[in-house]
Number of protein chains: 2
Amino acid sequence: MSLIPIRPGSPSGTQPERSDAARNRERLLQAARDLVAEHGVDAVTMDMLACRADVGKGTVFRRFGSRAGLMMTLLSDAEAEFQRNFIFGPPPLGPGAPPLERLIAFGEARIRYVEEYGELARAAAEHSPQNRHDAPPVVVWHRHIEMLLREAGLDRDPWLLALSLGATLDPERMLHALHAHRVAPERLAASWRELVTRLLKDC
Amino acid sequence: MSLIPIRPGSPSGTQPERSDAARNRERLLQAARDLVAEHGVDAVTMDMLACRADVGKGTVFRRFGSRAGLMMTLLSDAEAEFQRNFIFGPPPLGPGAPPLERLIAFGEARIRYVEEYGELARAAAEHSPQNRHDAPPVVVWHRHIEMLLREAGLDRDPWLLALSLGATLDPERMLHALHAHRVAPERLAASWRELVTRLLKDC
DNA sequence: ATATTAAGCGGACCGCAGTCCGTTTAGACT
DNA sequence: AGTCTAAACGGACTGCGGTCCGCTTAATAT
C-alpha cells in the first residue's frame, strides 16, 4: 500500500498502461521538469509543455487533469519522502520523541520543504479550494498534526486546532513571508516553535 | 483621513471625476451587485458585467483594474464598518477591554464577517499573493492583531505570530471549514477562543 | 460659439486553462 | 495476417481575464 494515493499520472491503476501512453507520460514528465528548470514554475504553460513533449494538448490534460494535477505529479516524489520522514523516520521528526518536539521538527521540515518546493506546491494548490485543502497530502499532514496534539493532551477540538496550525505552514503564506517580506527561514522556524510551545504548555 | 485607502473605483482622487465616468461607475456597481445577488459571486464574469451595465469591457477594467479589484470595491463598505468596529467601536471588540478579550471578539467578528461576505472576500483575494496578503485591509487586521499581542505582553516576534493568527482567520480556509466540512460557526469561534487563550496564558 | 485636450470609452484582440470529438492505434482474440 | 475495440491521441474550439489603441466627449480656455 502506497502512502501517496493514486492520481492521474501514476501508472498504478488496475489495468496495465498502454505502451504509447507510458512513453508519452515519460516524455511529458521530462519536458515538464526541463521547462520548470528553465523558466520557473509560473512561466510554464500547458501548451508549451505539449509542444516540448511533442504531444497533443488533449494528451496533457488526459494525463494530469489540470495544471494543478501536473504540479502534484511533479511533487509526488518529494512529497512521499516528506511523509516517510515524519511517519517512519528517526526522531524528533518521526516517532519516538515527545509530541511537542515532533511538532517543532514537523514545522522545521515543512519550512525546508517550502524553501525547496514551495513554488511547485503553490502551483499545485491553485484554482481550487478542493485541491488546496483536501488533496491527499494535505489531509495526511493535517491528521498527523491532529494526532500529535492529541498525544500532547490537547483534547479541545484538535481537528480544528490542527487546521489552524496547518494554515500557519501554508506554502503560499510562507513563500510570501520568505520572499516579499524577506523573513529568514530561521525566524519562521523560531516563530513556529514559540507558537506550538505556548500552545502545548500545561497539557 | 479615510481608513480605506484610495483604490480604483473610489472617487476620492485629486481631480474630480468626469460626469460620464461617475455615471458609469454607479451603473457598474449596481449591475455588479445585482449579478452577484442573482447568480452568486463565482458565476459573475467581467463580460457579463460590462454587458449588463451597458458599458465596454475596457471601461470595466479601467475602473476596477481586475476582477479582484471589483470585488474589493464591492466589499469596501462592509470592510470599513468592520474596521471602525474594532478600532473605535465599543468593547470588547473596540478599545477598553483587555487584549485577550479583544482578540477573542476580533475572531468572532471575523467569523461573522466571513459568513456574510466570505465569497466576495475570497474572490477579492484570488490570483495574486500580493492582493491576498498585502491588500490594505489585510495589513490593517494584521497590525491590529500584532498590537493586541504586544499589549498582552507577547514580545517574541509578534509580527509573525500575528501572521499565523491571521492565517487561521483566512476567508478561504474558514469558508472551506464552514461549507465543505459543515463546521458550525460557533465551533470555529470556540476553537479560536481556545487558541488565543492558550497562546496568551502567562504573559 | 469654437477650439483644445486629456480623460474616458469600447470592443477587437491575446494568452491561457480546459473541453470536445473525429481519428488513430495498441493489444487481444481468431 | 486479419479483425475488433477500447484506450489514447491531437488539435480546433470555448470561455475567461486582461490589454491595446483608435475614437469620443466632458470640461476648460478663448
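Below, chain A is the first sequence line, B the second, and so on; all start at residue 1. These values consider heavy atoms only, across backbone and side chains, with no hydrogens, waters or symmetry-generated copies. These figures come from a predicted structure and were not determined experimentally.
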- prompt: CZ of A:Phe61 versus P of D:dA8: gap in Å, rounded?
  reply: 18 Å
field: By salt bridge (Lys or Arg N to Asp or Glu O under 4.0 Å) - contacts of B:Glu101 (at least two apart)
entry: none
Side-chain donor-acceptor distances from residues 158-166 of chain B under 3.5 Å, at least two apart:
{"from": "B:Ser164", "atom 1": "OG", "to": "A:Thr168", "atom 2": "OG1", "distance (Å)": "3.4"}

- prompt: Rounded to the Å, how far apart are A:Leu35 CG and C:dC16 P?
  reply: 13 Å
query: Should A:Glu194 and A:Arg198 count as an ion pair when the cut-off is N to O under 4.0 Å?
result: yes
message: Does any part of the side chain of A:Pro185, heavy atoms only, come nearer than 4.5 Å to the side chain of A:Leu178, both counted from C-beta?
response: yes
task: For A:Arg150, check side-chain hydrogen bond (donor to acceptor under 3.5 Å, both in side chains) against everything at least two apart and list the hits.
output: A:Glu146
field: Partner residues of A:His133 under the ring pair (Phe, Tyr, Trp, His ring centres under 6.0 Å) criterion, sequence neighbours left out
entry: B:His176
query: Hey, does the side chain of B:Asn24 come within less than 4.0 Å of C:dC9's phosphate (OP1/OP2), counting only N and O?
result: yes
- prompt: Which residue pairs pass the salt bridge (charged side-chain N to carboxylate O under 4.0 Å, His left out) test when at least one of the two sits in residues 180-192 of chain B, sequence neighbours left out?
  reply: A:Asp157-B:Arg187
task: Mind checking side-chain hydrogen bond (donor to acceptor under 3.5 Å, both in side chains) for A:Glu115 and listing every partner two or more places apart, or none if nothing turns up?
output: none
- prompt: Does the side chain of A:Arg23 get closer than 4.0 angstrom to OP1 or OP2 of C:dA26 through an N or O atom?
  reply: no
query: Does OP1 or OP2 of C:dG8 have a side-chain N or O of B:Thr59 closer than 4.0 Å?
result: no
query: When the distance from CZ of B:Arg27 to C1' of C:dG10 is rounded to whole Å, what number comes out?
result: 13 Å
task: Would you kindly give the CZ-to-C1' distance between A:Arg25 and D:dA7, to the nearest whole Å?
output: 15 Å
Atom pair distance, as rounded to whole Å: CG in B:Asp42 and C1' in D:dC16: 14 Å
- prompt: Looking at C:dA17, does its base get a donor-acceptor pair with the side chain of A:Lys57 below 3.5 Å?
  reply: yes
- prompt: Considering residues at least two apart in sequence or located in another chain, which fulfil the side-chain hydrogen bond (donor to acceptor under 3.5 Å, both in side chains) criterion with A:Tyr117?
  reply: none
- prompt: When the distance from CG of B:Leu70 to C1' of D:dC16 is rounded to whole Å, what number comes out?
  reply: 15 Å
query: In whole Å, what is the span from the CZ atom of B:Phe64 to the P atom of D:dG17?
result: 14 Å
Just list the side-chain donor-acceptor pairs under 3.5 Å for residues 52-61 of chain B, sequence neighbours left out, or say none.
{"from": "B:Arg52", "atom 1": "NH2", "to": "B:Glu38", "atom 2": "OE2", "distance (Å)": "2.5"}
{"from": "B:Lys57", "atom 1": "NZ", "to": "B:Asp47", "atom 2": "OD1", "distance (Å)": "3.3"}
{"from": "B:Lys57", "atom 1": "NZ", "to": "B:Asp47", "atom 2": "OD2", "distance (Å)": "3.3"}

- prompt: Is the shortest side-chain N/O distance from A:Arg63 to OP1 or OP2 of D:dC9 below 4.0 Å?
  reply: yes
- line: In short, the helix from C:dA1-D:dT30 to C:dT30-D:dA1 is bent end to end, axes from five pairs each side, to 10°, by 0°
- line: Residue pairs passing the salt bridge (charged side-chain N to carboxylate O under 4.0 Å, His left out) test with at least one member in residues 167-177 of chain A, sequence neighbours excluded, are A:Arg132-A:Glu172, A:Asp170-B:Arg173, A:Glu172-B:Arg132, A:Arg173-B:Asp170
message: Let's see if you get this right: which residues in residues 45-55 of chain B place a heavy atom under 4.0 Å from DNA chain D?
response: B:Thr45, B:Met46
All N/O contacts under 3.5 Å from nucleotides 23-25 of chain C to the protein, with atom names and distances to one decimal?
none

query: Ion pair present between A:Glu119 and A:Arg122, side-chain N to carboxylate O less than 4.0 angstrom?
result: yes
field: Protein-nucleotide distance (B:His39, atom NE2; D:dC16, atom P), rounded to Å
entry: 12 Å
